[in-house]
Amino acid sequence: MRNKWRVRGLMLACVLGCVCAAQADTMQEIKARRRARREQIRQLVQTGHAKEGDEGYLMAQRALTADQTALMQAENEDRKAGYTAIAQANGKSVAEVGRQAAVIQKNRRASKQ
């Protein structure tokens, strides 16, 4: 009976380890994608086509081209995935993490101006 519980415990540890490793890879991929589009996002914001919303996501300010819309949607999807991972790791809601990220983004932009 004890061996049965030990085997189950070992299996659970392996599964959790794999999940954590997969999540880490995903976060690295998210960071890489966001880094790759950073300049394009900056251009959207600087030209007034988009702005940082209070919930941590980009919001359209003007009519966007199909490429600009796709860019903004991809950025927001990656932000949501990142906020979800951070929220799960810290026991917070995704909305709360998004709001905190929005404050950080706005402070960064204000300090650069």
Side-chain angles (χ1 to χ4, degrees):
M1 187 71 151
R2 283 186 182 176
N3 286 337
K4 189 176 186 179
W5 285 106
R6 285 183 186 164
V7 170
R8 286 182 183 173
L10 182 59
M11 288 173 47
L12 178 63
C14 289
V15 168
L16 289 175
C18 291
V19 168
C20 290
Q23 186 176 17
D25 289 340
T26 303
M27 285 302 294
Q28 292 302 320
E29 292 169 0
I30 290 169
K31 288 178 183 179
R33 287 191 303 263
R34 290 193 64 203
R35 208 173 295 122
R37 71 172 87 87
R38 182 177 295 151
E39 188 55 38
Q40 293 172 299
I41 296 298
R42 202 173 291 158
Q43 289 292 326
L44 271 181
V45 173
Q46 286 178 350
T47 59
H49 285 89
K51 74 172 189 169
E52 294 288 342
D54 292 336
E55 300 299 315
Y57 300 99
L58 290 173
M59 299 172 56
Q61 287 291 96
R62 298 183 187 166
L64 302 175
T65 67
D67 289 341
Q68 289 171 327
T69 300
L71 176 70
M72 194 172 77
Q73 287 175 341
E75 178 69 12
N76 284 339
E77 288 172 11
D78 281 344
R79 287 183 183 193
K80 184 173 185 173
Y83 298 163
T84 301
I86 292 168
Q88 289 173 348
N90 293 294
K92 296 183 177 187
S93 71
V94 176
E96 185 178 1
V97 173
R99 285 189 295 273
Q100 290 172 343
V103 170
I104 291 168
Q105 285 290 341
K106 287 180 182 182
N107 289 338
R108 279 186 188 159
R109 292 202 196 291
S111 68
K112 288 182 179 181
Q113 293 176 348

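A salt bridge (charged side-chain N to carboxylate O under 4.0 Å, His left out) check over residues 58-70, counting only residues at least two apart or in different chains, returns nothing. Evaluation of the ring pair (Phe, Tyr, Trp, His ring centres under 6.0 Å) test over residues 56-94, restricted to residues two or more places apart or in two chains, returns Y57-Y83.
In K106, the NZ atom is crowded: over 12 heavy atoms of neighbouring residues, nucleotides or ligands sit closer than 6.0 Å.
R37 meets the salt bridge (charged side-chain N to carboxylate O under 4.0 Å, His left out) test with E75, D78; sequence neighbours excluded. Partners of E55 under the salt bridge (charged side-chain N to carboxylate O under 4.0 Å, His left out) rule, at least two apart in sequence or in another chain, are R99. Listed by chain and number, the residues in a salt bridge (charged side-chain N to carboxylate O under 4.0 Å, His left out) with K51 amount to none (sequence neighbours excluded).
For the atom pair CD of E52 and CD1 of I104, the computed distance is 11.5 Å after rounding to the nearest 0.5 Å. Interatomic distance, R79 CZ to T84 OG1, rounded to the nearest 0.5 Å: 13.5 Å. If you take NZ on K80 and CD1 on I30, they are separated by 12.5 Å, rounding to the nearest 0.5 Å.
Looking at heavy atoms from C-beta onward, L58 lies in side-chain contact with V45 at the 4.5 angstrom threshold. Here the side chains of L44 and Q61 are not in contact, with every heavy-atom distance at 4.5 Å or above. The shortest side-chain heavy-atom distance between R33 and E29 falls under the 4.5 Å cut-off.
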Throw together a table of side-chain donor-acceptor distances under 3.5 angstrom for residues 89-98, partners on residues two or more places apart or in other chains.
from: N90; atom 1: ND2; to: I86; atom 2: O; distance (Å): 2.9
from: S93; atom 1: OG; to: E96; atom 2: N; distance (Å): 3.0

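Of all the heavy atoms in G53 and A102, the pair that sits closest is O-CB, 3.3 Å.
Judged purely by atom type and a 3.5 angstrom limit, Q68 uses its side chain to pair as donor or acceptor with the backbone of T65.
Ion pair R42/E39 flagged as a salt bridge, since at least one NZ, NE, NH1 or NH2 atom sits closer than 4.0 Å to an Asp/Glu carboxylate oxygen.
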